[in-house]
Amino acid sequence: MATSQARSSPGPDGAEGLSGERLVGAYRTMVLARTLDERCLALQRQGRIGFYAPHAGQEATLVGSALALEPDDWVFPAYRELAVALVRGVPLQAIIDQLFGNADDLCRGRQMPNHFAFRDQRFVSASSPIGTQITQAVGAGIAAKLRKAPIATITYFGDGATSSNDFHAGLNFAGVYRAPTVFLCQNNEWAISLPREQQTKSATLAMKAEAYGFPGVVVDGNDLRAVHAAVRRARARAVAGEGPTLIEAQVYRLGPHSTSDDPRRYRPDAQVDAARQRDPVHRLRAELGTAGLLDDAADAKIAEEARAALTAAIAHAEAAAPVEPLSLFDDVFARRTPRLDAERAEAAQHLAEAKRP
Amino acid sequence: MATSQARSSPGPDGAEGLSGERLVGAYRTMVLARTLDERCLALQRQGRIGFYAPHAGQEATLVGSALALEPDDWVFPAYRELAVALVRGVPLQAIIDQLFGNADDLCRGRQMPNHFAFRDQRFVSASSPIGTQITQAVGAGIAAKLRKAPIATITYFGDGATSSNDFHAGLNFAGVYRAPTVFLCQNNEWAISLPREQQTKSATLAMKAEAYGFPGVVVDGNDLRAVHAAVRRARARAVAGEGPTLIEAQVYRLGPHSTSDDPRRYRPDAQVDAARQRDPVHRLRAELGTAGLLDDAADAKIAEEARAALTAAIAHAEAAAPVEPLSLFDDVFARRTPRLDAERAEAAQHLAEAKRP
Amino acid sequence: MSELTLVQAVNRGLAEAMRADPDVLVLGEDVGVNGGVFRATDGLLKEFGADRVLDTPLSETGIVGSAIGMALYGLKPVAEIQFLDFIYPAFDQIVSELAKMRYRSGGQYPCHVVVRAPYGGGIKGGLYHSQSTEAYFCHTAGLKVVVPSTPADAKGLLLSAIADEDPVIFLEPKRIYRSVTGEVPEGATRVPFGQARSVRSGTDVSLFAYGAMIPVVTEAATALEAEGISAEVLDLRTLVPLDEEAVLRSVGRTGRAVVVHEAARFCGFGAELSALLAEKAFYSLKAPIARVTGYDTPFPYALENVYLPSVERVVAAARETVRAS
Amino acid sequence: MSELTLVQAVNRGLAEAMRADPDVLVLGEDVGVNGGVFRATDGLLKEFGADRVLDTPLSETGIVGSAIGMALYGLKPVAEIQFLDFIYPAFDQIVSELAKMRYRSGGQYPCHVVVRAPYGGGIKGGLYHSQSTEAYFCHTAGLKVVVPSTPADAKGLLLSAIADEDPVIFLEPKRIYRSVTGEVPEGATRVPFGQARSVRSGTDVSLFAYGAMIPVVTEAATALEAEGISAEVLDLRTLVPLDEEAVLRSVGRTGRAVVVHEAARFCGFGAELSALLAEKAFYSLKAPIARVTGYDTPFPYALENVYLPSVERVVAAARETVRAS
Ligand SMILES: Cc1ncc(C[n+]2csc(CCOP(=O)(O)OP(=O)(O)O)c2C)c(N)n1
Ligand SMILES: Cc1ncc(C[n+]2csc(CCOP(=O)(O)OP(=O)(O)O)c2C)c(N)n1
Ligand SMILES: [Mg+2]
Ligand SMILES: [Mg+2]
């Protein structure tokens, strides 16, 4: 598995800091994630997948934060966190299958691309409504604390989500119950077309934590090690019973909001170009080079492996069966009600008639 | 009118500060409000009104803030602000009629007691759901600003309401649009049975304003002049285009949450006794005495006038007609739809049948 | 067996469920120290402690959102919403998250939360302490919706709700919290979902109702009997899943139906019952299906007795239905 | 007259209303610089400026709450909710405040806000970009609910909505935003509320629908004609107020009804139509009333074509209804 090197278990460097080996693993994951992004934007243009929400520009934050977690921690993501899933050991194939919504998709083709759920990796089901995962992460954190489990919950959300009802309720509950929750706000400067400074007038997003009685910190989201360290500290605080932390990771959304978006309508290319200078993948590449941890040959190999892994996974996903039509009626409840049985029979009949010549 | 002295127009003392005469007027209103409170708790116990939510302990904040407003300002109240209505010139009778829900009630008997609406005084319709008035006050403020009207909007809410969705959205919008809105949080230490320190872990409620990019101030809510000055300053800021202010007025709810509540279940009498030492009505009485603005005879007269005005208003309200049964179908829309006409006819028939011997 | 009021039966159900299963916990506004504004959670804090009875800040968004997180983690939260009228700040969490979690995750994340809320009028509560908006929840795929009308059902259905694997909206008829008393079995006697309760049988007309309308409809049936009209009364108990068979069977016998609820008529739950009958009992029907409901106005304060279905209105509708054919 | 798509007609309606009345303003997420994610507000910022086209923070609570405040002050706000699926953070403001403001204040505070939202499936949007939850709003007394299906109606009904004195939930069928084009009159040609539109007349069966289901149902009627079944198609246009007369008149003629909508069946708007007919057209009915609707599951992604009513499903239901008697 191309991603297993980045698996989040304490490395030889102990709980804090990242060894050279793990840094290279992180880089490998970031390259895979970036390549996946590019490939998926193309797949969507070709009509092979229905939608895609890219994360380019946010890889250092995603991978750095995920590396700071332990396997028993719980992740409550939004829709740009597939790189977190990769770090947690979710097979690339499972991610690609979700994007295609095929019969192998663990979500059974129920959700739009990018709305993942991976139970085994404690990567909770994402949804589109902005912010709703935040209170849920707090609830899981309170539950863990009541059970005296030495874990943290982490939730990812954007700058726009700080305006949501759940941000307010979630952070307030976390403060009141000292929930072991890490709030990871990826401030990528934009909420679709709304710039950060029109989203809210607080000087930083991090400082909003003070309104709930716990600390907020700002971190350079392009700096993998800084993000890792910040999340590591927040996690330690959480597990030690010292309560929640809000981390504002300052990044930039290099791509469009999603494949439905045309960012040229609302932001100047110059801003994007400037942000490209801070590209987190290039930055880590440079750092690894300087540290003698990666040379061009190794880098080329990593890139090639990513491409190959993706090509294989995509081919596999496209060859997979489509979801079974009558599975529409499953999972509404633990067991189908008589009414769902009746509707299922109704649909079965229509499907049968539609098949008749 | 027993309350007209407290009318909020710039007195001879100019826009700032309160003249001796206005202070006595304020005291008169506070005594009326306190007497009304006591009378209504009794009326409810006797089954003559259905419900009551007392404001005892909050009179200085209510009257002091209302005196700082101008007639064209808009008030978005919760359910403990009848003293604000008094200051704005709402006739006592109109308030009592609402509590009885009779045919003279401007709300046509539609709402529970304390849920007032007085259009002429720009005292907007109150509702039970906590916090909803906050975003509305901001919207009206934005509208006034767009129209270049030199006014402010003010909204009243409790410590509990700081946890509401509308608090977050309202303060955030106010910050973003620099709305001319004064947020008056009456921190009376309790949200029914939840003490302030379990409502949220921020050190003060006022500091929550910083999360939205504008100032918050704490004021002793038992000090009428301090409240007046704080609101006056906030209003000036608002009208000058400098944006919103959050004021936390620290008071204490001396009575039960409402007539449905038994506060002995959750708070010690000692705490209430201690708060009684800071009773805002007694405090202003003492200050007026010291300043030579009020002697015992004048005070007794004020108390007597309040009692008499209330007795008359209650008698009048009880003698008023009940609301017309078929008015049930009015005001759902500007004009009744055919369906409402049909339902009205249906109800009319039932009412007629019920009257038949 | 003990003789309890409906609200006492709820309290008993909660206490027994918490004793039997350490994963069950209660959260909401004023549920701890105060024992709930209706005393439904009285004594729970004392017996189970602050780890299992959480007095929350004033945020229904937070209550339901965090309850979902607790359920995902593996606990069995029972969230109290102080009045159904105050559930709307949590509506996004309920309809977008709670109802769809299992489905959208392909069954990976079941999400079992019980949301209890007192509902309905008749307590002089005006617009915001009186509403019956069960139809919103019934229309939301993925939620079960339960409305008990007796103390025994209140406890038995609550135990089923807490034991269920799916999210349950549990609506308690506060108007009869104390006015209705009845024998309640001790121990874990669950009342299963999806089974209507026959309150009385009859041959001329079927009266369908639930919750606080059951006493009204039952009294109407007695009055109808005096007029020589034999009315059957069915207490639906669970609106989702609905006991369609019992409904169809009843109309199969009587050929006439009157549907009664407090909620506004337009797009109310009664519409679904009518539609069900117009679809599946068409050939049994001898008369138009009548609905006796709240009117299509907001819930009033002074005029709630005009608004709410009364014994007389139910009797009149049943009489007319019987006379029609 | 000009030939416009449905979304262009919405845009035209907004622009004309804003030109005619300086009190009209638009607010919502991405409505300004971006011109709306569907381009419904394209060009408005440029023409009317940032004082009348407000790009808001990401808070539907804030959008609707502040729109209410603006309306109380005297402006005429038109709030856009990006997708109907995201309206729930504003649900409390809509059902507790907007719908009840006039009523609870005894008529002192009318509150005229138009809430526009694209709704419905067919765009591969999955659970959260596809829902049709009009029934929630129809069940809420005090709201008018409008669903256009043609460009002319989109503009004409929107102008009526903005001119109305009551709050209006204006649901736009995004699936046919661009696929349907039509002649749209210039100027303030309002389409009145409460009047259904006869799409085609027929004698054997009445097909009732609205919004994005109109093309589906119309195609079904054509297919039925080929089978010798004459189907009448009624576009309801405004669900509240509903043109009950037109509905009853149609079934008075045909004796048979098929109700079609995308929303889930249980307690959906179709139930109200069935109930209305079972109550007031009982003696005209020759066959059971059929409902062709979304199923009682959350809205799916991969399987939306199984979920959504299709021409074939409508044809089958109509055929069966006609054969039944
Ligand atoms: C409640 C809600 N309102 C509106 C939307 C539409 N929408 C989708 S993403 C988005 C912007 C989110 O911005 P941010 O939180 O900064 O996250 P980012 O997309 O930048 O990662 C909006 C408005 C939504 N999904 N949910
Ligand atoms: C949304 C909502 N949830 C719950 C309630 C029930 N309730 C009524 S008043 C109240 C406490 C309000 O506390 P606070 O805001 O401090 O105001 P106070 O009553 O102290 O003036 C609660 C929980 C409500 N009215 N609305
Ligand atoms: Mg962003
Ligand atoms: Mg308080």
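Protein chains get the first letters and strands the later ones, always in sequence-line order, with residue 1 at the start of each. The figures here come from the full heavy-atom set of this structure, side chains too, leaving out hydrogens, waters and symmetry mates.
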**B/T204 portion near chain A, given a 4.5 angstrom heavy-atom threshold** = neither
**Fill in**
In terms of heavy-atom pairs under 4.5 Å with chain A, the winner among B/G216, B/S202, B/G213 is B/S202
**Message:** Taking side-chain contact (heavy atoms from CB on, under 4.5 Å) as the definition, give me every residue that meets it alongside B/D223, ordered by chain and number, with sequence neighbours left out.
**Reply:** B/D220, B/R225, B/A226, B/R283
**Request:** In plain terms, say whether B/R80 and B/E59 are close enough for a salt bridge, that is, a side-chain N and a carboxylate O under 4.0 Å apart.
**Result:** no
**Complete:** Cut-off 4.5 Å, heavy atoms of chain A, and the answer for B/F167 is side chain
**Prompt:** Any side-chain heavy atom of A/T155 sitting closer than 4.5 Å to one from A/W74?
**Reply:** no
**Message:** Classify the ring geometry of B/H168 against A/H168: parallel below 30°, tilted from 30° to 60°, perpendicular beyond 60°.
**Reply:** parallel
